[in-house]
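Worksheet: one structure, shown below.
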Amino acid sequence: MGWVWKSLNSSIGKKFVMAVTGVALMLFLVIHLAGNMSLYGGKDAFNNYVGLLEHIKPFIRVIEVILGLVFAFHIFNGIRLWIQNKQARPLPYSVNGSRKNTTVFSRTAFITGSIVFIFLVIHLQSIWYVFNFSGVEEDLYTLTTDWMRVGWYAALYFVAILLLGFHLNHGFQSAFQTFGWNNSKYFPFIKKFGTFFALVITIGFGSIPVYFFLLGGK
Amino acid sequence: MAKLDSKIPAGKLEEKWTNHKFNMKLVNPANKRKYDVIVVGTGLAGASAAASLGELGYNVKAFTFHDSARRAHSIAAQGGINAAKNYRNDGDSVYRLFYDTVKGGDFRAREANVYRLAEVSNNIIDQCVGQGVPFAREYGGLLDNRSFGGALVSRTFYAKGQTGQQLLLGAYTAMNRQIKLGKVKLYTRREMLDLVVVDGAAKGIIVRNMLTGEIEKYSAHAVVLATGGYANVYFLSTSAMNCNATAIWRAHKKGAPFANPCYTQIHPTCLPIHGEGQSKLTLMSESLRNDGRIWVSKLKKDMRKPNDIPEEERDYYLERKYPTYGNLSPRDISSRAAKEAIDDGRGAQGQDAVYLDFKDAINRLGKKVIEERYGNLFEIYETITGDNPYESPMKIYPAPHYTMGGLWVDYNLMSTVQGLFVAGEANFSDHGANRLGASALMQGLADGYFIVPYTVGNYLAGDKPVMVKTDHPEFEKAKKNIEEMTAKLLSIKGNRTVDDIHKQLGRIMWNKVGMGRNEKGLKEAIEEIRKLREEFWKNVNVVGQSNDVNQCLERAGRLADYLELGELMALDALNRKESCGGHFREEYQTPEGEALRNDEEYAYVAAWEFAEAGKWNLNKEPLEFESVKLATRSYK
Amino acid sequence: MEHKKINLTLKVWRQQDANAKGKFADYKVSVSPDSSFLEMLDDINNDLEKKGMEPITFESDCREGICGTCGLVINGQPHGPIPRIATCQLHMRNFKEGDTIYVEPFRAKAFPIIKDLMVDRSAMDRIMEAGGFISVNTLSVPDGNSIPIPKEVASEAMDAASCIGCGACVAACKNASAMLFVSAKVSQFALLPQGQPERYIRVDEMVKAMDQYGFGNCSNTYACEAECPKGVSIKNIARMNRDYFMAKIK
Ligand SMILES: Cc1cc2nc3c(=O)[nH]c(=O)nc-3n(C[C@H](O)[C@H](O)[C@H](O)COP(=O)(O)OP(=O)(O)OC[C@H]3O[C@@H](n4cnc5c(N)ncnc54)[C@H](O)[C@@H]3O)c2cc1C
Ligand code: SF4
Ligand code: FES
């Protein structure tokens with residue numbers, strides 16, 4: 001199995017890991033978003049959905065562990081790439097021309113990813129941890145919507161989701177490129193679809209704090 | 001005096017090379033690795049030679065002054081490469097390619113060499129395809145061809161407008177393969193500054209490490225020079241900035257005769273000069289002449305915009321003078337015709353330029369076809385000049401482009417210095433007094449892949465040369481000389497920059513040893529060059545140090561050689577009292593202004609032997625024509 | 001035909017050698033818009049030499065955009081502001097009176113600076129030597145027309161092969177990655193029938209070499225494609241990724 005490790009450690013291998021884990025995370029986002037949409041159905045709808053998941057708790061735990069690993073890989077690999085890539089140009093240019101030859105989405109993938117990560121930690125602690133392990137007996141709907149009504153939290157949530165959109169706009173088409181699925185016939189479509197996907201995720205999640213904080217949703 | 005033995009094998013023209021190969025001595029395969037061969041230059045000729053020699057099992061040391069073998073000047077060739085494949089079924093054959101080349105060279109090349117060139121031309125295409133060179137293809141998947149000047153058949157293979165690049169990368173990859181296998185050791189950023197000769201045989205070279213300035217010594221059983229041409233003697237030419245004559249010139253001074261230095265090719269389709277600061281001239285591929293029509297106004301000093309000049313006031317002078325070949329007339333003829341029109345005061349808007357017009361072709365074939373054929377060339381034109389050739393005609397002007405002359409070699413491509421082989425543009429062998437388009441690439445690769453590897457083997461097996469160690473007194477002496485020369489150059493600290501003097505030399509060469517030459521001008525040129533050389537050694541300013549990267553020093557060393565070579569070119573031109581190919585003596589022309597050869601007295605190769613600075617001895621190798629009849633070259 | 005000259009301020013990176021600390025030096029120039037960028041530098045150098053001062057070291061050779069020798073970063077962009085050309089093809093008519101222009105060398109760990117604007121790009125050759133070839137011996141090849149190659153395939157291979165090895169892709173990439181350069185060669189041979197026998201060994205060996213010389217990792221920003229003077233497409237990188245994957249699971 002040494003060859004697997006070696007291959008995944010090569011420059012292209014690392015890209016590959018980023019892409020595979022990225023795609024897995026995008027799938028997770030879709031499911032997570034679908035679930036979150038039931039927030040709009042009100043307290044009962046959402047809690048019913050949560051209840052449904054409670055039924056298959058052992059399975060969810062396994063998924064969570066896998067998800068954790070995927071996150072870890074994605075993040076660990078991202079940091080490693082970032083460090084190595086910094087080292088590949090010890091002295092930067094005095095004039096930065098990157099605005100002329102790259103998009104803001106690809107250029108900032110590491111930064112947007114990092115901020116999303118910070119948010120993720122806060123998000124996990126404030127909702128997932130509290131709900132599962134703190135012993136506080138509050139239903140998830142109340143817990144979530146209460147947080148959404150806290151100004152700084154809603155703002156952070158919103159900004160993080162926006163940056164996540166940036167991150168995805170780069171990540172989606174990037175994964176295809178990494179897998180070698182780039183040809184002039186369909187790649188322009190993939191790029192557009194990636195933007196569409198990023199928008200759906202951003203609007204989907206982003207609407208939640210807007211609804212609960214700004215519009216005073218119940 | 002050197003004895004010039006051309007060593008042309010006996011027998012019928014068609015059988016010479018085959019028989020010669022058969023009669024060659026072979027090196028025992030087990031012994032090949034005991035032989036070291038130095039190859040200087042990694043252009044088409046050098047890289048292909050290094051690859052093939054390495055493949056055969058010799059230890060090759062390859063040298064280039066470039067940072068990478070892929071940057072040799074061959075990379076810039078645009079148009080294509082000839083071969084007698086006759087894939088078009090238009091009547092081509094080895095004999096026809098041979099005949100066209102001899103005729104194109106105005107009957108001043110060695111028949112046997114040219115025939116061999118035509119013979120191996122087909123192997124080149126196969127070889128390159130095998131290496132993955134992406135030649136242009138037709139819809140059926142087979143190789144495509146285009147036409148080039150001086151031929152009535154379509155035999156030129158091409159890869160977009162980047163044929164030289166693709167062929168060089170082919171040779172470069174072949175050499176890389178040998179580097180990986182350990183058979184070729186590549187030394188980059190090394191400039192050869194001297195040849196080491198021991199008892200009349202080449203034993204090694206002296207190079208300057210261009211990063212550290214160190215003068216290094218390398219020895220071998222044989223030395224191959226493939227260092228390209230010397231058109232930069234004119235300062236402005238289509239050659240790359242760093243092309244130089246230093247390697248062949250220093251070898252010349254060590255005993256290798258220099259043949260036909262005055263045969264230089266002025267290419268008809270280059271971009272005109274924009275001003276004083278011009279650093280080099282840009283070639284527009286000759287392939288443009290397939291569809292473009294060349295003209296000037298019939299009126300003198302016509303300052304109208306080209307599109308305002310009505311059809312009947314235009315003079316399509318090539319079509320008028322040479323109805324059969326028209327715009328595809330050979331280069332020397334086309335260039336001279338342009339010069340005549342300009343000397344007559346009919347240059348485009350009063351400039352030193354003529355028009356190359358695509359209007360008719362666009363009307364006939366549509367813009368799309370023209371774009372497909374020449375799109376990238378049109379873009380280049382627009383980038384450089386800021387004008388759009390789809391709308392108004394291009395302006396072009398002749399420029400020094402290729403040097404047919406070079407070190408004298410025999411049929412084995414060996415100089416009179418034993419064990420010194422010369423390949424590619426650096427030798428004089430195949431193009432006579434004028435080279436046809438798409439033939440230099442052919443010659444470079446023929447020499448490198450298919451000739452030198454055999455003949456070097458024959459020399460090693462036959463003469464059994466011994467290798468001299470680099471602590472031999474001759475090596476020490478040569479190294480010391482170079483160090484002294486470097487010190488001298490750096491110590492002058494005069495008032496003129498290297499480029500300033502080079503530009504002056506270029507003006508002398510262009511005006512007096514350029515497209516039209518005459519006795520008076522040539523004599524003046526010799527005087528002026530001598531004076532300039534003196535001035536150089538007294539008044540040049542070479543800044544910087546010797547033990548560091550020093551581009552100023554590099555240029556100065558090259559210029560020192562041009563200042564001697566320029567004189568020899570003028571001397572050779574003065575000696576050749578006839579007009580042939582690229583050498584046009586104004587005193588010798590037909591009443592219609594065409595070149596007038598003198599076969600009685602000048603059907604020979606002029607091989608000059610260096611005696612001392614400013615003094616040479618002339619050796620003549622008579623040219624005998626057994627297969628072709630000497631005829632006046634007519635493209636009418 | 002000379003146009004009115006334009007006045008510019010140049011800030012040029014000067015650095016004595018690999019280990020020295022570099023800094024910008026200022027030059028005021030007045031230049032014809034028909035002049036090329038490198039001719040302008042020639043001019044500055046000629047003036048410096050006249051004063052007995054060391055000229056700016058920069059490299060160039062063909063000055064036609066094909067040899068890949070030249071390569072400067074001009075106002076943060078390799079080969080300057082105009083797309084699809086090399087530095088030597090950049091003409092001064094693209095600048096305005098009064099502009100300030102920063103001229104820097106290509107910067108990457110894999111391209112150490114030698115002097116001023118001159119860098120060492122030999123790592124690119126090492127990658128080529130690792131596998132960028134088709135193993136055929138001289139004369140041991142079939143007739144050129146024995147394998148028909150569809151026109152589109154030949155021209156796609158040609159597009160990849162048009163890489164001039166300038167290194168601008170590395171210089172432009174925020175990660176100093178050499179993926180575009182390497183993929184151009186890998187792709188050329190992967191497309192052609194002649195390249196098939198060594199297709200997977202080649203990509204493996206070349207990527208291994210690439211990873212050895214300190215280039216960064218690709219993060220799909222496509223700056224390389226945007227700055228490549230020959231417009232080599234990132235599709236080649238995709239093809240290389242795919243081939244590399246295949247090479248590994250084969
Ligand atoms: C713009 C242009 C377009 C052309 N188009 C065509 C065309 O379409 N078809 C055609 O057939 N021909 C064409 N030619 C001509 C052709 O390109 C050259 O004649 C040919 O490539 C020369 O190849 P070469 O190997 O002899 O030399 P080069 O390619 O010039 O190589 C010389 C090598 O020698 C090395 N070298 C030189 N001096 C030294 C030294 N002192 N020490 C160490 N190394 C040294 C250099 O580094 C280089 O590697 C064209 C030429 C030009 C200028
Ligand atoms: S891919 Fe483009 S930018 Fe990179 S080396 Fe090749 S030509 Fe230069
Ligand atoms: S000098 Fe050759 S590409 Fe610019």
Side-chain angles (χ1 to χ4, degrees), chain B residues 52 55 66-68 70-71 73 75-76 85 87 123 125-127 129-132 134-143 159-160 162 165-166 169 173-174 176-177 179-180 188 211 240-242 274-275 277-280 282 351 383-384 386 449 453 493 497 499-500 541 543-544 549 551-552, chain C residues 1-2 32 34-36 38-39 42-43 46 49-50 52-55 57 60-64 66-69 85 89 91 93 114-115 118 120-122 124-125 128-130 132-139 141-145 148-151 154 157-158 161-162 165 188-189 192 194-195:
Chain B
S52 297
E55 212 173 278
H66 285 100
D67 65 321
S68 160
R70 68 183 296 152
R71 312 228 191 269
H73 177 53
I75 203 104
K85 282 281 195 187
Y87 282 157
N123 296 340
I125 303 303
D126 301 341
Q127 183 67 29
V129 170
Q131 291 165 343
F135 282 122
R137 303 258 164 182
E138 298 177 321
Y139 282 105
L142 302 181
L143 293 161
K160 264 194 173 169
Q162 290 147 260
Q165 179 197 28
Q166 294 311 314
L169 293 180
T173 55
N176 280 344
R177 175 172 165 239
I179 292 175
K180 188 176 187 187
T188 57
L211 295 178
M241 301 300 288
N242 300 307
H274 67 68
Q278 183 102 25
S279 58
K280 78 160 288 233
T282 304
Q351 294 164 23
T383 315
I384 297 177
Y449 282 130
K493 299 265 174 279
T497 61
D499 278 3
D500 183 25
N541 191 358
V543 296
V549 175
Q551 295 176 326
C552 191
Chain C
M1 116 133 175
E2 287 228 359
S32 152
D34 288 326
S35 157
S36 75
L38 297 185
E39 282 167 352
D42 287 343
D43 228 31
N46 206 38
E49 283 175 34
K50 243 185 248 161
M53 283 149 72
E54 266 203 62
T57 303
S60 77
D61 203 24
C62 74
R63 298 216 174 171
E64 293 187 5
I66 191 71
C67 71
T69 310
I85 57 169
Q89 295 168 295
H91 281 71
R93 70 178 73 87
I114 295 171
K115 188 173 182 174
M118 175 182 181
D120 177 2
R121 285 168 289 188
S122 52
M124 298 172 87
D125 286 314
M128 287 294 151
E129 288 158 14
F133 47 75
I134 291 176
S135 300
V136 290
N137 282 354
T138 309
L139 266 183
V141 290
D143 184 88
N145 256 350
I149 302 174
K151 189 178 163 82
M158 177 65 223
S162 63
Q188 177 196 347
F189 292 152
L192 295 172
Q194 302 94 303

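Just so we're on the same page: letters track the sequence lines, and every chain starts at 1. Every heavy atom of this structure was used, including side-chain atoms; hydrogens, water molecules and symmetry mates were not.
Both the backbone and the side chain of B/Gln131 come within less than 4.5 Å of a heavy atom of chain C. Looking at C/Lys115, only its side chain comes within 4.5 Å of chain B, counting heavy atoms on both sides. Using a 4.5 Å cut-off between heavy atoms, C/Met53 touches chain B through its backbone atoms (N, CA, C, O) alone. In this structure, chain C has a heavy atom under 4.5 Å from the backbone of B/Glu138, while its side chain stays farther away. Looking at C/Asn46, both its backbone and its side chain come within 4.5 Å of chain B, counting heavy atoms on both sides. Interface residue C/Leu139: backbone and side-chain heavy atoms are both found under 4.5 Å from chain B. Both the backbone and the side chain of C/Ile149 come within less than 4.5 Å of a heavy atom of chain B.
Contact of the C/Ile134 side chain with the B/Thr173 side chain is not registered, since no non-hydrogen atoms from C-beta on lie closer than 4.5 Å.
For the residue pair C/Thr138 / B/Glu55, a side-chain donor-acceptor distance below 3.5 Å is found, with atom types taken as modelled. C/Asp61 and B/Asn242 share a donor-acceptor pair across their side chains, judged by distance under 3.5 Å alone.
With sequence neighbours left out, C/Asp143 forms a side chain to side chain donor-acceptor pair (under 3.5 Å) with B/Lys85, B/Tyr87.
Residues C/Glu129 and B/Arg177 are not paired through a salt bridge, judged by the lack of any N-O separation under 4.0 Å between the basic side chain and the carboxylate.
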